[in-house]
Structure formats: C-alpha cells, structure tokens
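Small disclaimer: the values here were computed from a predicted structure and weren't measured.
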Amino acid sequence: MASSSLSMQNILGRLNATQMAAPVLILMILSMMVLPLPAFVLDLFFTFNIAIAVLVLLVAVNTQKTLEFSVFPTVLLVTTLMRLSLNVASTRVVLLEGHTGPDSAGKVIEAFGQFLVGGNFAVGIVVFMILVVINFTVITKGAGRVAEVAARFTLDAMPGKQMAIDADLNAGLIGEEDARKRRLDISREAEFFGSMDGASKFVRGDAVAGIVITLLNVVGGLIVGVLQHDMALAQAAKNYTLLAIGDGLVAQIPGLIISIAAGMVVTRVSDDRDVGQQVMGQMFRNGRALGIAAAIVALLGIIPGMPNLVFLLIASSMGWLAWKMLKTEKQVVETPVKVAPAPVQEAMEASWSDVAPLDVLGLEVGYRLIPLVDKSQDGELLRRIRGIRKKFAQEVGFLVSPVHIRDNLELKPNAYRILLKGVEVGLGEAYTGQFLAINPGRVAGTLNGTATKDPAFGLPAIWIDATQRDQAQAYGYTVVDASTVVATHLNHLILTHAAELLGRQEVQQLLEHLAKEMPKLVEDLVPKVLPLGILQKVLQSLLDEGVHIRDMRTIIETVADHATRTQNADEIATQVRNALGRAIVQQLFPGSSEMQVMSLDPALERLLSQAIGGGSDNTSFEPGLADTLVRETAAAAKRQEDLGLPAVLLVPASLRLLLSRFLRRTVPQLKVLAHNEVPENRIIKVTSVIGGRT
C-alpha cells in the first residue's frame, strides 16, 4: 500500500501545472454537459468564455506572423466545445427554473435578455438571427474559404520554397541550422492552414447548433411552462423566449469574436508589424488620399436633407489630418540642410599618401540599394557577404580579401557593380521590396512583372511584387529577394576569378597557417627550394581549372618532391594534379558512380600529337583542325549538360594542358582530365567521341 502511494506521488510530481491544465479543462467542459450547474457557476463560466474570446481576438490582432499563433486551430476547437457545453448546461437550468423569473438562469443571461434587447423577445429574436447570419454566412464562411485556398497554395508552393532554401544553402547565404528552421516553418505553415480549414467547420457547426438550441429552448419552455407549471401562454412565451434569446446571445457573441479573430489570422500577410501598425502605416500615411476623401465627404454634407453637421465634422477632421501630413512631408523634402562652409586651406604638396591602393574586391551600389549594406539598418547583404567569404574559405581553401562596399551616385538607383582590382567584372540591378522569380526551365505559368535575366547565370527571370511570391513558387519559379540576387552574383564571380584573387599575400598567409601544423615542410620548401612566386603560379593553375586547394598537405608534399628537378610551374602543377586525382574526380563525379565522359577519336589524338610537335609549348593548330575541334567539343559538352552530366573530356596526359587552355575560352564549362588522373577503381563510360576531320 505504501509503495503504491509512493508511486502515485512520483507520477504526480512529474506532471506540472502546465501539463495538467489542458486535460483538466477538457474534462471540466465535458462534465458541464452532464452535471447540473447552479446559476452562479453558470455566470462564472459565461464570463470566462467572453474573456477568453476577447483575449483570443487581441492576441490575433497583435500577432506579427501567422505561425506565432499556431495553436489557434486548437483554441478554436476548445472554445467551440466550451460554448456548446454551456448551451447544454444553461438549457437544463432554463427548462427547470425558467418559470421562477428572468434571473433563474443567472445574471449574465438575464442581462443579455433584458438589457441588450430591451426586454422585447421579438427584438431579441431578430438581433439573434442577424448575429447568426453574420457569423455563419459572412465571417466564418469567408475565413474558411481563405484558409482552404491558403492551404492549397501553401502546399503547391512548398517545392519552390524548398528549392529556394537549398539554393541559399548551397550559395553559403545561410547555414544548415537556418535551412533546417526554414524547412520546419514551411511545413508548419502548411499544417496550420490545413488545420484552420478544418477548424472553421466547427465554428459553422456551432452557429447552426446555436439556432437549433435556441428554437428547442423556446418550444421546450412553452411546453414545460404551460403543461407542467400551469403558466399562461403569453407569460410562458415571454419568460422562456427571453431566457432562450439571452442564452443564445451569450453564446453567439463570443463565437462572433472568435470568428473575427480567425478571419484576421488567415487573411493577414506576414509582416514585422502587428495589424494596428499595418493599418495605420498603410491606410493613413497618404495625405493626398485623405484630402480627396475629406472633399468627397464635405460635398455629401452640403446636400440638403443630409445630416450636415455630422458629415462636415468628419470631413473637417479628415481635412485637418491630411493638411498636417502634407505639411510634414513638405518640410521633410524642402528643408535645406545647412552645410558649414569648408575652411580655406592652403594647397598641400603632393605626397605618397595621395596614392591609394586599389581594393581587390569592391561592390558599388545605387542609392536605393544602400539599406541592403547599411549597418545601422541591419543590412541583410552584409551578413550574406560574410557567409560567402566563410563558405569560400571552407570549400576552395583560402580566404579572399574583404569586399569594400561604397555607394556610387553615378549608377542607376537600383544598379550595382562588382569590381576586381578596380575593373568592373559584373553589373546588375536589384529592387528592394521585390523578388526575382527565376525560370529554371520548366514552369507552370506566367507572371506579371519586369522581365530580366538572372545576373549570375543569365537565366530568364521576372521581378515581381511580394504579393506574387507564393504564386511564383507554386508555378515552379525559384524566388529570391534583392540581397540574395546580389550575393549570388558576387559569389559566382568570386568562384570564377578565384585564381586572380590568390595573390602572393594570400599565399604567404596560407603558408603561415599551414606552418602551424607542418612547420618543417614549409620552412624547407619556401624559399629555400622554390620561390614563393612559382608556388603561387602552381596554385593559380589549379584554381584556373576549378580545382580546390584545400588539401595543402598533399600539394606542398608533391611540390617538394618535384621542385628539386624542375622550376617550371606547369610541370609541377601537372604532378600536383596527378596527386590530387582522386579529389578532382570526386569533385566532378561524387560517390562511386561510373564516370560518363567524352573522349577523342584515336585519329584526332594522333593529329593533335603531331600538331604540338612533341612539346606542350607549341600551341599552334591548323585552322581547319582547330575549328572542327572547337565545334564538336562544344556540341558534345551541350549534350552532356542536357543529360545532367558534367562536361568532362578524358585525354592522354601529353594533351591535357594544351587542350584545357585552348578549349577553356570557347567552352568554359568543359573540364579536361588526363588518363593518369583517374583512380584505378573508377569505372569509365564514354558517352561521346570527338572526331576531328579537316
């Protein structure tokens, strides 16, 4: 017995008040349907029901994003169940005690039956029916329809949203934790609107139940009053009808408040402001619109027979508010900024301090893009650029110079340009507050907006308003904001020009970082055996062909092995590629799948070998042979890409460097591999044979 008592205490100790609240509340609601309740307890529960409804409405109004009130469908169900339970409990009291007077079912029902409708049961019936029609036909039906459509569009847009998250993750704009959180928010949003679609049916059913219960109360009250308590028909009709109407109004008014809250939750657009701030910021910020509205109301007010005083009072209030807003706007625009005259200084002699070094990486923006890079406004682009540099260092193997950002009034307001050592390498436009819908190739519909091209990859795209974002994602577009457009373009150009970004300063910093783990190897190699400039050329040669330099241990060891025999950067780079063969192949063909590559026709290989004359320095080709080689390689690379395969050409080692340099200009997506760079355990499948005919 003692042990069972102890175990019960342990169980109760593990359950806190928060965990017990929901089950206890549900049991109390269900018990109200069965157990008789005195009038005072009914007053408490009716008042609690009204207070909960008001609280739900205020929470819905002050919610900034839909998912902040994700428990709303459950709250909707519980409050509906509470109202129905109170209807059952009050019906029992009305039929049992209704003959004693209007306060037999409690003061709350009496107040709603006497004060709100003036004690007139005919007025009460009309008011009750109007409230039911408003709740059932207008608010609840509309909110349910919005929730249904929102649920469908949210589910349709999920693939596009997932693609956008994956694109941001791959570009280094967000981390794995942020991506996981965004995916969870997308699934929760779909579940929320689906739940709201179902929960709205409970409110509609509650409205129907309110009508039926009120009619049953009236009919049942007449039967009980006349047959059981010998009341006159008129007196019974007055008593029981007023009690039934009061009971119905007590239930329907909280139900109407809850329905309004549901409509506000499902119809609002997510923003960083609550509903009140959105309405004030968007409805009453245009002084001209307020002035026009005031003039129209004033014209209506001077029409004979109209309530002139009321119309003119409202018109004057709106006109005064419009005048104040327009005056404030004019002061902001026209107030000149007083600039103190610059002190006159004597001309200084020129010095070396006047020679400013060029920034390695620069980003210039038009004035409308300044909020994206302004620290005081928490510019989103600044955070994304930091993420780009970090991801580049982790994947490529060295840290690029910081991006120097400045505004440029010579650019278009929405334009930006990317500079590499003072030279423009990228130019584009971005529109804050809008989204770029990129067509990946297969979309289900068209959008209204400004047609353009994705500045990073040249894909067809459209600038759209925020209201079309979900529709674009449902059609299959990849939708990104303005900061993501600029960041993706910058990331693409940094990867493309990685070799130029690796200067001697970066190589020296890379060696100093490596020396913390392998001090002897680094010390013996540079500068004792190999100059720093030769090592830089080797690393740049790898980066030129898209080979990452993360495995610096293997690179330095290979360079150290061959630097004593040759100082030629190309020959050393070839040996390094052989050592990195497994990593190069893994980068192009992840996993252990077979390598589907292109190759040269044996006759073409012999022609090319004869053309280079046995030495890689002779890069002259016969014009017909060169034209055929370029044309057929480009066509084969296009076929590879159409199949979703990387464009990789497998050639003998003696031809690899020459063909890579020759074809890189015309077929930039092509990667040229040598036979001895492929690991022995990889299976090779030739998909295209390039045959040269002069």
Quiz item: Taking side chain as C-beta onward, heavy atoms only, is V480 less than 4.5 Å from I438?
Solution: yes
Quiz prompt | Contact summary for L502 and Q536, nearest pair of heavy atoms | solution = O-NE2, 3.2 Å
Quiz item: Looking at side-chain heavy atoms only, is the closest gap between P646 and Q669 below 4.5 Å?
Solution: no
Quiz item: Can a donor-acceptor pair be found between the side chains of Q473 and Y477 at a distance below 3.5 Å?
Solution: no
Quiz item: Residues in side-chain hydrogen bond (donor to acceptor under 3.5 Å, both in side chains) with D627, at least two apart?
Solution: R631
Exercise. Specify the closest pair of heavy atoms between A472 and L447, including all atoms of both residues, with the distance to one decimal.
Key: CB-CD1, 3.5 Å
Self-check item: Minimal non-hydrogen separation, S599 against V686, with atom names
Solution: OG-CG1, 3.3 Å
Quiz item: Is there a donor-acceptor contact under 3.5 Å linking the side chains of E429 and T452?
Solution: no
Quiz item: Would the number of heavy atoms belonging to other residues, nucleotides or ligands and lying under 6.0 Å from CD of E410 be above 12?
Solution: no
Exercise. To the nearest 0.5 angstrom, please state how far the CD1 atom of I549 sits from the CG atom of L580.
Key: 10.5 Å
Quiz item: Centres of the H513 and F398 rings: under 6.0 Å?
Solution: no
Practice problem: Decide side-chain contact (heavy atoms from CB on, under 4.5 Å) for V672 and V651; before the verdict, give the C-alpha distance in whole Å, the side-chain angles of both, and the deciding distance to 0.1 Å. | Solution: CA-CA 7 Å; V672 183; V651 299; 3.7 Å; yes
Quiz prompt | F662 and V630, any side-chain heavy atoms less than 4.5 Å apart | solution = yes
Quiz prompt | Between OG on residue S401 and CZ on residue R389, distance to nearest 0.5 Å | solution = 7.5 Å
Quiz prompt | V648 vs M598 side-chain heavy atoms within contact, under 4.5 Å | solution = no
Practice problem: Could you tell me whether R553 atom CZ has more than 12 heavy atoms of other residues or ligands within 6.0 Å of it? | Solution: no
Self-check item: Heavy-atom donor-acceptor pair, Q468 side chain to N448 backbone, under 3.5 Å
Solution: yes
Quiz item: Can you find a pair of side-chain heavy atoms, one from L625 and one from L608, that are under 4.5 Å apart?
Solution: yes
Quiz prompt | Euclidean distance, H492 NE2 relative to I418 CD1, rounded to 0.5 Å | solution = 10.0 Å
Quiz item: If you draw a 6.0 Å radius around CG in D642, do more than 12 non-hydrogen atoms from other residues or ligands fall strictly inside?
Solution: yes
Practice problem: Hey, could you give me the CG/CG distance between L510 and L514, rounded to the nearest 0.5 Å? | Solution: 7.0 Å
Quiz item: Are side-chain heavy atoms of L501 and L420 found at a separation under 4.5 Å?
Solution: yes
Quiz item: Do NZ/NE/NH1/NH2 and the carboxylate oxygens of E545 and R577 come within less than 4.0 Å?
Solution: yes
Practice problem: State, with a plain yes or no, whether a side-chain heavy atom of T687 is found less than 4.5 Å away from one of V597. | Solution: no
Quiz prompt | side-chain contact (heavy atoms from CB on, under 4.5 Å) between L511 and L535, intermediate numbers included | solution = CA-CA 10 Å; L511 291 176; L535 179 60; 3.9 Å; yes
Quiz item: Closest heavy-atom contact between P455 and V485?
Solution: CG-CG1, 3.6 Å
Quiz prompt | Residues E677, R582: salt bridge by 4.0 Å N-O rule | solution = no
Self-check item: Contact summary for A674 and A653, nearest pair of heavy atoms
Solution: CB-CA, 3.8 Å
Practice problem: Hey, could you give me the CG/CG distance between D407 and L363, rounded to the nearest 0.5 Å? | Solution: 11.0 Å
Quiz prompt | Student check: side-chain heavy atoms of V365 and L372 closer than 4.5 Å | solution = no
Quiz item: Is the shortest distance from a Lys or Arg side-chain nitrogen in R661 or D570 to a carboxylate oxygen in the other one below 4.0 Å?
Solution: yes
Practice problem: Dump the intermediate steps for side-chain contact (heavy atoms from CB on, under 4.5 Å) on L436 and Y431, then the final yes or no. | Solution: CA-CA 9 Å; L436 185 66; Y431 298 85; over 6 Å; no
Quiz item: For the atom pair NE2 (H497) and CG (D544), what is the distance rounded to the nearest 0.5 Å?
Solution: 10.0 Å
Quiz item: Looking at L399 and E506, what are the two nearest heavy atoms and their distance?
Solution: O-CG, 3.9 Å
Practice problem: Identify whether the distance between the nearest side-chain nitrogen and carboxylate oxygen of D481 and R469 falls below 4.0 Å. | Solution: no
Practice problem: Mark yes or no for whether H489, through its side chain, and A456, through its backbone, hold a donor-acceptor pair below 3.5 Å. | Solution: no
Practice problem: Carefully, step by step, assess V396 and I494 under the rule side-chain contact (heavy atoms from CB on, under 4.5 Å). | Solution: CA-CA 11 Å; V396 179; I494 288 176; over 6 Å; no
Practice problem: Ignoring hydrogens and angles, state whether a donor on the side chain of T484 or R384 is under 3.5 Å from an acceptor on the partner side chain. | Solution: yes
